[in-house]
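The structure appears below as structure tokens.
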Number of protein chains: 2
Amino acid sequence: MPAGKKRTDWRRSPCPIACSLDIFGDRWTLLIVRDLMLGRTRFRDFSASPEGIPTNILADRLERLLQHNVVEQIPAADGTKRLAYRLTEKGNALRPVLKAMRDWGLAWDKSTRVMLSPKSV
Amino acid sequence: MPAGKKRTDWRRSPCPIACSLDIFGDRWTLLIVRDLMLGRTRFRDFSASPEGIPTNILADRLERLLQHNVVEQIPAADGTKRLAYRLTEKGNALRPVLKAMRDWGLAWDKSTRVMLSPKSV
DNA sequence: ATTATTACTTGTTAATTGCAAGTAAATTAG
DNA sequence: CTAATTTACTTGCAATTAACAAGTAATAAT
């Protein structure tokens with residue numbers, strides 16, 4: 001199977017948690033969503049995040065998020081012909097998930113800290 | 001590196017979300033946590049869940065959850081010498097994360113449905 | 001026109017996953 | 001008590017996925 005073309009037409013169970021995990025159950029996807037919530041919009045922005053996501057994984061995850069209508073492409077804000085990404089309504093609805101995870105991390109891992117900008121996750 | 005002994009002494013960033021994902025950022029771990037929240041306590045219970053987690057993955061994830069103090073072992077309730085698992089306070093604190101994920105799944109994937117028991121996630 | 005940046009893709013190696021089978025200890029059946 | 005069964009894993013292995021490095025085509029800047 002070609003890279004980034006993982007099948008999404010099959011589910012392990014009707015459980016909403018299991019189905020959610022089939023979309024973003026990995027170590028990278030929600031970091032991209034986090035970045036989008038922080039106002040980052042472009043490939044290079046996600047690539048520049050401190051966790052250092054490999055570019056092939058980033059491309060793969062963006063494709064998956066597009067296919068699941070969690071993100072969409074828009075013209076870049078700088079007037080160039082390049083594209084940017086933004087969260088759809090479905091993607092924005094992940095905010096409580098990210099918030100709960102952030103709260104849990106902050107509460108139970110004292111070495112973590114928020115390093116967040118305006119739109120606060 | 002031996003199975004189940006993934007290094008946990010290093011973090012990608014101080015972000016609480018990234019650190020949370022280093023613990024449960026995969027397709028299976030939160031399903032075990034879900035099962036624990038539903039009152040399931042033993043290896044065979046997790047193994048019997050509809051998603052069908054492979055036993056080697058299950059053993060690996062339980063070990064990881066133990067090391068991160070998300071779950072702990074207790075004597076089995078049936079009086080035998082076998083062990084069971086239960087969530088620690090830290091593990092129980094994941095309830096809002098699971099709830100947010102369940103709500104999101106239910107809201108945006110119409111083919112999902114809750115199939116939950118008493119303690120409702 | 002030349003150089004640099006962007007947004008990826010490709011190749012290669014390392015690690016992880018999933019399936020099947022195996023195992024040792026504990027429990028149950030006879 | 002002995003034998004069969006169940007439990008809670010472990011092991012082997014093929015297949016998938018991840019990580020790192022390098023490459024590339026299309027803009028964009030100088």
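Chain letters run A, B, ... following the sequence lines, proteins first and then strands; every chain starts at 1. These values consider heavy atoms only, across backbone and side chains, with no hydrogens, waters or symmetry-generated copies.
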Between protein and nucleotides 23-27 of chain C, what N or O pairs are separated by less than 3.5 Å?
from	atom 1	to	atom 2	distance (Å)
C:dT27	OP1	B:Lys81	N	2.5

| task | Say whether, by atom type as modelled, one donor and one acceptor occur between the side chain of A:Ser49 and the main chain of A:Glu51 under 3.5 angstrom. | result |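 No, the answer is negative, given that no donor and acceptor are paired below the 3.5 Å cut-off.
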Whole angstrom value for the distance that separates [atom2] of [N] from [atom1] of [X]:
{"X": "B:Ile53", "N": "C:dG18", "atom1": "CD1", "atom2": "P", "value": "8 Å"}
{"X": "A:Asp60", "N": "D:dC20", "atom1": "CG", "atom2": "C1'", "value": "16 Å"}
{"X": "A:Glu63", "N": "C:dT10", "atom1": "CD", "atom2": "P", "value": "13 Å"}
{"X": "A:Glu51", "N": "D:dC20", "atom1": "CD", "atom2": "P", "value": "14 Å"}
{"X": "A:Asp22", "N": "C:dT17", "atom1": "CG", "atom2": "P", "value": "15 Å"}
{"X": "A:Ile32", "N": "C:dC8", "atom1": "CD1", "atom2": "C1'", "value": "13 Å"}
{"X": "A:Leu21", "N": "C:dT17", "atom1": "CG", "atom2": "P", "value": "14 Å"}
{"X": "A:Ile57", "N": "C:dA15", "atom1": "CD1", "atom2": "P", "value": "15 Å"}

Q.
Considering every strand and a 4.0 Å limit on heavy-atom distances, what is the contact class for B:Tyr85: base, sugar-phosphate, or nothing?
A.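 Sugar-phosphate, no base atom in range.
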Any side-chain heavy atom of [X] within less than 4.5 Å of one from [Y]?
{"X": "A:Ile32", "Y": "A:Leu65", "value": "yes"}
{"X": "B:His68", "Y": "A:Trp108", "value": "no"}
{"X": "B:Arg42", "Y": "B:Tyr85", "value": "no"}
{"X": "B:Leu36", "Y": "B:Phe46", "value": "yes"}
{"X": "A:Leu21", "Y": "B:Leu30", "value": "yes"}
{"X": "B:Arg12", "Y": "A:Arg27", "value": "yes"}

Output the single nucleotide from [options] whose closest atom is nearest the side chain of [X].
{"X": "B:Ala59", "options": "C:dT17, D:dT10, C:dT6", "value": "D:dT10"}
{"X": "B:Arg27", "options": "C:dC8, D:dT7, C:dG18", "value": "C:dG18"}
{"X": "B:Asn56", "options": "D:dC9, C:dT9, C:dC19", "value": "C:dC19"}
{"X": "A:Pro54", "options": "D:dA19, C:dA7, D:dC9", "value": "D:dA19"}

Between A:Trp28 and B:Thr55, whichever has its closest DNA chain D nucleotide further toward 5' is B:Thr55
Result for 5'-nearest mapping on DNA chain D, choosing between A:Arg61 and B:Gln73, is B:Gln73
Establish, with yes or no, whether the OP1 or OP2 oxygen of D:dA8 is under 4.0 angstrom from a side-chain nitrogen or oxygen of B:Arg42.
yes
